[in-house]
Amino acid sequence: MKWTETYIPTLREAPADAELISHSLLLRAGYIRKLAAGIYLYLPLMQRVISKFSQIVREEMNAAGALEITMSVLAPAEVWQESGRYDSYGKEQMRIKDRHQREMVLGATHEEVVTQLVRGELKSYKQLPLNLYQIQVKFRDEIRPRFGLMRGREFIMKDAYSFDRDIESHKAAYQKMIDAYFRIFDRAGLDTRKVESDTGAMGGEGAHEFMVIVETTAGEAHLLFCEACDYAANDEKATYIEADPPQVDAEEKPLEKVDTPGAATIEEVTEFLNVDSKRLVKTLLYMADDKPIAALVRGDRDLNLVKLKNACGSVEQPEMADAETVQKETGAPVGFAGPIGLKNIPLYVDQEVVRLKNFVVGANQKDAHYINANIGRDFKAAEVVDLVTAVEGELCPKCKGKLKARKGIEVGNTFMLGTKYSESMNATFLDENGRERNFIMGSYGIGITRTPQAAIERYHDDKGIIWPKNIAPYQVEIVPLNYKQDDLKAAADQIYADLRGAGIDVLLDDRLERAGVKLNDADLIGCPLRITIGAKSLKEGKIELKARCSDEVELVDLTQTVSAVQATLERLK
RNA sequence: CGGGGUGUGGCGCAGUUUGGUAGCGCACCUGCUUUGGGAGCAGGGGGUCGGAGGUUCAAAUCCUCUCACCCCGACCA
């Protein structure tokens, strides 16, 4: 492709609203433009990147035996009502009405639709296993779209759905997808880590996420890795063994109310009473689907909202109760809530709290706390569960190795759905005994538009993008420093024709721009290889070959250009 | 949803406090010169200042309403 014949609107100045480097570079290098909050247009360069990555995904999915289909973006609300997710998916689901006032939804994911497709037609175990996938636009009305393609409201996703007759077969299908995912990201030049994750709105029995590890703010997911074994989990999911458990008294002491004037925060209370925050238990009031609940965790811990949501079984993520509610439910201002004497509020108690004796809690009275509180004797838990977010330094639940925290960008996920959808939507087949059974399902996503941005976040410098070769819009960019000069133009045109003839994706900057403009733009858009054609080296019959990721320039004989390019590309990631 | 902020040519911004009829840089067009890391000079085109209403002789500027976009928060007892 010639630069003047395509559309690459590069910007010298970055638009003001881009926060991430990768977002800014996508805008500046002319890959995307914003239409509305969280909605982007893909320009020719981005379209090529999307095509290349999609093709890798397609090849690996096909190789794993999955079949490509296309499902509709628009779906009648009924299918979602049938699975129960019309109510449970929440405000992220885009809903619209058609001219007949029929309720429709824009697909955020397609479990319901694919189940509806298969149901009634796939009736025999002989037709299993089956894996259907599509690469298609998705809509999620994010609370707060940001970071460009990283958290958009409209985006492209590869979503696959497996149907199996039993658990063993399903596990094999799941593993096949995991293997395919590692191959996909590897081909795209990305190192990924697989971590355990919460199943979230998807439901089901287990889930994993594929993460690109980054150091920047782009890493929205907080991950915990074991230094010793292969345990890795999202912090929504991660469990741990305490590295430094507090000392526990042998005997239960009598409950005692003490004055704690003005001591409402953990710091104030621990200081005032001179106790370790590990021996203080905070009582956090939340509203779960408009009903008050209380969560009890140790003073030094952070409550994990996902774990709380799972424990209380609410539809929406619980929200912190406001001061007014706290006053009404506990009879005390914020800072003095406690489990003793709370009426009609279920207490979800973290497992660490159960191991404590004689701890401090709020007294549900202004400026007062109880000391020597004990669970069982002084109050009863509705449920004892893990409610705490794991942190670096605690021990691995598998092997007791040290846990380390990292940040990551989620580029893929896999869900073991079990029979959640096949049961709620009554999708069944007949087994060899003629018995009707529900499909065991799995679903598998890859962010087609997000992954390239993750790659940019991972691979860039202060001048621009540095693409891995397999998802670069063009593998090579030819920069004749002066295209008006006949010999430079002739050499550039010749190399352009030769490389194209050799099946290499090549961009020729045929603009009549100054050298500096073209070189800067080349660095900005980030093709892995650059061929620079200047008067000095051309006089010797040479061109300059430079990898974007390196500062080294190789002088190559004009006639050897194609083989030199092929050899260098071979070496690159 | 709560708080804060911003809307002025394609992009980045000034002008708003103190009303007087719109400006700068980049980009774009023409010409000449220039040509290995975002050139110089000269000339030129493009904006009913987010929208609606109001105050006024006069509104980008003041008032009211509205829309859009951005940031922060919504893990604290």
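So that the names make sense, note that chain A is the first sequence line, chain B the second, and so on, each numbered from 1. Hydrogens, waters and symmetry mates are skipped; everything else that's a heavy atom, side chains included, is used.
Separating the CG atom of A/L308 from the P atom of B/A74 is a distance of 16 Å, rounded to the nearest angstrom. When rounded to the nearest whole Å, the span between NE2 of A/H23 and C1' of B/C70 equals 11 Å. As a whole-Å value, the separation of A/N364 CG from B/A77 C1' is 12 Å. Distance CG (A/L512) to P (B/U30): 11 Å, rounded to an integer number of Å. Atom pair A/L20:CG and B/C70:P shows a separation of 13 Å (rounding to whole Å applied). Atom OH of A/Y40 is separated from atom P of B/C69 by 11 Å (rounded to the nearest Å). Here the C1' atom of nucleotide B/C71 and the CZ atom of A/R151 are 16 Å apart, to the nearest Å. As a whole-Å value, the separation of A/D235 CG from B/C75 P is 14 Å.
Smallest separation of non-hydrogen atoms from A/P292 and A/P346: O-CD, 3.6 Å. Taking all atoms of both residues into account, the shortest heavy-atom contact from A/L387 to A/L296 is CD1-O, 4.3 Å. The heavy-atom pair separating A/G152 from A/F155 by the smallest distance is O-CD2, 4.0 Å. Smallest separation of non-hydrogen atoms from A/T6 and A/P44: OG1-CB, 3.7 Å.
In this structure, A/K34 reaches the B/C70 phosphate: one of its side-chain N or O atoms is under 4.0 Å from OP1 or OP2.
Only the P atoms considered, B/A74 is 29 Å distant from B/G12, to the nearest whole Å. For the P atoms, the distance from B/G2 to B/C13 is 28 Å, rounded to whole Å. Distance check on atom P: B/G19 versus B/C62 gives 9 Å, rounded to whole Å. Of the P atoms belonging to B/U21 and B/U34, the separation is 43 Å, rounded to the nearest Å. One P atom belongs to B/U61, the other to B/G43, and the distance between them is 33 Å to the nearest Å. Across B/A42 and B/C11, the matching P atoms stand 27 Å from one another, rounded to whole Å. Nucleotides B/A60 and B/G53, compared at atom P, are 14 Å apart to the nearest Å. Only the P atoms considered, B/U64 is 15 Å distant from B/U18, to the nearest whole Å.
Of the candidate nucleotides B/A77, B/A74, B/C69, B/A77 has the atom nearest to the side chain of A/Y286.
In a base pair of the Watson-Crick type (N1 to N3 plus N6-O4 or O6-N4) or a G-U wobble (N1-O2 and O6-N3), with each distance short of 3.5 Å, B/U6 is matched with B/A68. Using Watson-Crick or G-U wobble geometry with both donor-acceptor distances under 3.5 Å, B/A74 finds no partner in any strand shown. Nucleotide B/G37 forms no Watson-Crick or G-U wobble pair with any nucleotide shown, as no partner meets the under 3.5 Å limit on both distances. When both pairing distances are held under 3.5 Å, B/C13 makes a Watson-Crick or G-U pair with B/G23. The partner of B/C62 is B/G54, judged by Watson-Crick or G-U wobble contacts that both fall below 3.5 Å. In this entry B/C49 has no Watson-Crick or G-U wobble partner, no candidate having both defining distances under 3.5 Å. Nucleotide B/A42: paired with B/U30 (Watson-Crick or G-U wobble, both distances less than 3.5 Å).
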- prompt: Stepwise, does the ring-ring contact (aromatic ring centres under 6.0 Å, His included) test hold for A/Y31 with A/H23?
  reply: CA-CA 10 Å; A/Y31 283 78; A/H23 181 196; over 10 Å; no

- prompt: Can you list the steps and then say if A/R355 with A/E242 is a salt bridge (Lys or Arg N to Asp or Glu O under 4.0 Å)?
  reply: CA-CA 12 Å; A/R355 293 201 287 271; A/E242 267 187 281; 3.0 Å; yes

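Between A/A36 and A/L280, it is A/A36 whose nearest contact on RNA chain B lies nearer the 5' terminus. Residue whose closest nucleotide on RNA chain B sits further toward the 5' end, between A/V281 and A/G38: A/G38.
For RNA chain B, none of the residues of residues 487-499 of chain A falls under the heavy-atom distance limit of 4.0 Å. Contacts between residues 329-352 of chain A and RNA chain B, counted as heavy-atom distances below 4.0 Å, involve A/V334, A/G335, A/F336.
Contact check on A/R298 versus A/E352 returns a salt bridge, with a Lys/Arg side-chain nitrogen under 4.0 Å from an Asp/Glu carboxylate oxygen. Classification of A/K546 and A/E554 as a salt-bridged pair fails, no side-chain N sitting under 4.0 Å from a carboxylate O.
For the pair A/R48 and A/Y474, the cation sits on the ring face: its NZ or CZ lies under 6.0 Å from the ring centre, inside 45° of the axis. For the pair A/R95 and A/Y86, the cation-pi criterion (under 6.0 Å, within 45° of the ring axis) is fulfilled.
Within 4.0 Å (heavy atoms only), A/V326 reaches at least one base atom of the nucleic acid. Residue contacts shown for A/L285 include a base, since a base heavy atom lies under 4.0 Å away. As judged by a 4.0 angstrom heavy-atom cut-off over every strand, A/Y483 is placed among residues making no nucleic acid contact.
Remark: A/Y348 OH to A/I293 CD1 distance equals 6.0 Å, nearest 0.5 Å.
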Nucleotides 35-41 of chain B: protein proximity per nucleotide (B base, S sugar-phosphate only, - neither; heavy atom, under 4.0 Å): BBBBB--

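A/S277 and A/R279 share no donor-acceptor pair across their side chains, judged by distance under 3.5 Å alone.
For A/W3 and A/Y496, the ring centers are positioned 6.0 Å apart or more.
The one candidate from A/D493, A/D510, A/D509 that meets the side chain to side chain donor-acceptor pair (under 3.5 Å) condition with A/Y483 is A/D493.
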